[in-house]
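So the structure is just underneath, and the comments pick up after that.
Count residues from 1 along the sequence. Note that ligands are numbered from 1 as they come in the structure, with each ligand's atoms numbered from 1 the same way.
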Amino acid sequence: MKAQIAVLEGDGIGPEVVAEGLRCLHGIGSAFGHEFAATPFAFGGAAIDATGDPLPADTLKGCLEADAVLLGAIGGPKWSAPDAKVRPEQGLLRLRKELGVYANLRPVKLHPCLVGASTLKPEVLASVDLVFVRELTGGIYFGEKRRDANVAVDVCTYSVAEVERITRVAARLARQRRRKLTSIDKSNVLETSRLWREVTSRVMKSEFADVALDHVLVDAAAMHLIRRPSDFDVLVTENMFGDILTDEASMLAGSLGLLPSASLGDAKRGLYEPIHGSAPDIAGRGIANPVGTILSLALLLRHSLELVKEADALEAAVGRALESGARTPDIAAKGEKTVSTRAMGDAVLAELKRG
Ligand code: IPM
Ligand code: MG
């Protein structure tokens with residue numbers, strides 16, 4: 001197959017982790033006889049510096065024309081002054097909206113050999129395997145914003161249609177897994193959450209009676225996630241709760257640097273990015289963990305290109321690289337030998353070749 005991938009390296013460690021991801025993608029290409037054309041576009045803080053806009057028109061065009069989009073990370077102190085007029089994050093929110101990728105899948109699976117990398121006890125982590133489905137193009141991140149000297153306002157809005165479609169994505173996913181869906185809201189306080197609970201209940205009852213649904217309030221969910229994480233299968237929630245809970249959940253896998261994500265809509269084209277940020281504190285040092293990006297490419301192969309064997313092969317290669325002992329500093333135990341970003345990419349590539 002031939003596929004066009006738009007590549008947005010972004011800022012901070014973005015370029016470093018994307019470079020390793022692309023080497024692995026091309027490794028899959030040669031092993032399975034595919035041609036992946038990766039075209040870079042300016043995005044985020046780097047694009048603000050070059051053009052004044054975090055999402056320049058030709059970047060958006062390139063993304064809309066591609067079969068899939070790979071993103072590294074964006075942001076950094078340079079563009080975060082409290083009075084900044086344009087921010088890299090605005091580009092990312094606009095890109096998600098323009099691509100129509102309303103469902104953000106964030107799988108969290110503990111690799112057994114990394115159990116020591118987590119701050120949680122091994123017995124709590126045994127058999128963690130869950131997926132967050134975060135609503136990505138609605139809610140408070142997209143509502144009207146206002147500010148005067150004394151008051152600031154961020155509006156949170158959800159429509160029935162927005163909740164219906166994200167519920168369906170999560171329920172279909174649960175059907176392929178353990179048929180358990182947990183919907184997270186704050187319906188004891190928020191009107192949007194009461195709508196969320198009503199709609200998820202109705203859709204599940206009428207269309208997915210074979211999937212068990214339970215509702216958990218977001219504050220309790222934050223606690224249960226680290227108390228009994230193995231009980232969860234698929235979790236569906238609104239934009240901001242999903243943003244917060246998925247950073248928390250990354251600790252179940254050992255490091256934020258390990259977690260991939262796929263943002264999907266009704267088209268096949270998706271946006272794929274590790275869930276970590278641009279980590280300006282370690283940028284340029286060659287120590288960032290590229291695994292979140294490499295695993296995001298596995299999701300890209302599976303969801304946008306329907307290359308399931310290839311996705312499985314890449315995930316298996318990452319697993320074996322970790323088992324062979326390759327550890328970037330974020331997942332190394334005290335005193336354990338660490339490898340660079342590049343060497344972690346090399347370890348995955350070597351395992352890919354070994355097949
Ligand atoms: C994420 C990030 C983004 C978000 C930021 C960078 C806008 O935290 O993808 O989780 O809040 O969605
Ligand atoms: Mg986040």
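Proximity of Arg106 to ligand 1, defined as any heavy-atom pair under 4.0 Å, is confined to the side chain (atoms from C-beta onward). Counting heavy atoms under 4.0 Å from ligand 1, residue Arg134 touches it through the side chain alone.
For Asp11 and Trp79, the side-chain atoms include no donor-acceptor pair closer than 3.5 Å. Using modelled atom types, one finds a donor on one side chain and an acceptor on the other under 3.5 Å when comparing Ser183 with Trp196.
The Mg ion (ligand 2) sits nearest to atom OD1 when only the N, O or S atoms of Asp243 are considered.
None of the N, O or S atoms belonging to Asp247 lies under 2.8 Å away from the Mg ion (ligand 2).
Among protein heavy atoms, the minimum distance from atom 7 (C) of ligand 1 is reached at Glu89 CG, 3.8 Å. The single protein non-hydrogen atom nearest to atom 11 (O) of ligand 1 is Asp243 OD2, 3.0 Å, given as residue, atom name and distance.
Per-residue contacts place Tyr141 under 4.0 angstrom from the following atoms of ligand 1 (heavy atoms of the residue considered): 11 (O).
With Asp233 contributing its side chain and Arg179 its backbone, the two residues share a donor-acceptor pair below 3.5 Å.
By the criterion of side-chain heavy atoms lying less than 4.5 angstrom apart, applied directly or through intervening Ile, Leu, Val, Met, Phe, Trp or Tyr residues, Leu258 is grouped together with Val18 in one hydrophobic cluster.
Between Arg96 and ligand 1 there is a heavy-atom distance shorter than 4.0 Å.
Of the options Ile184, Leu105, Leu259, a side-chain contact (heavy atoms from CB on, under 4.5 Å) to Phe132 is made by Ile184 and by none of the others.
In this structure, Asp185 does not pair ionically with Arg194, as no charged nitrogen and carboxylate oxygen lie closer than 4.0 Å.
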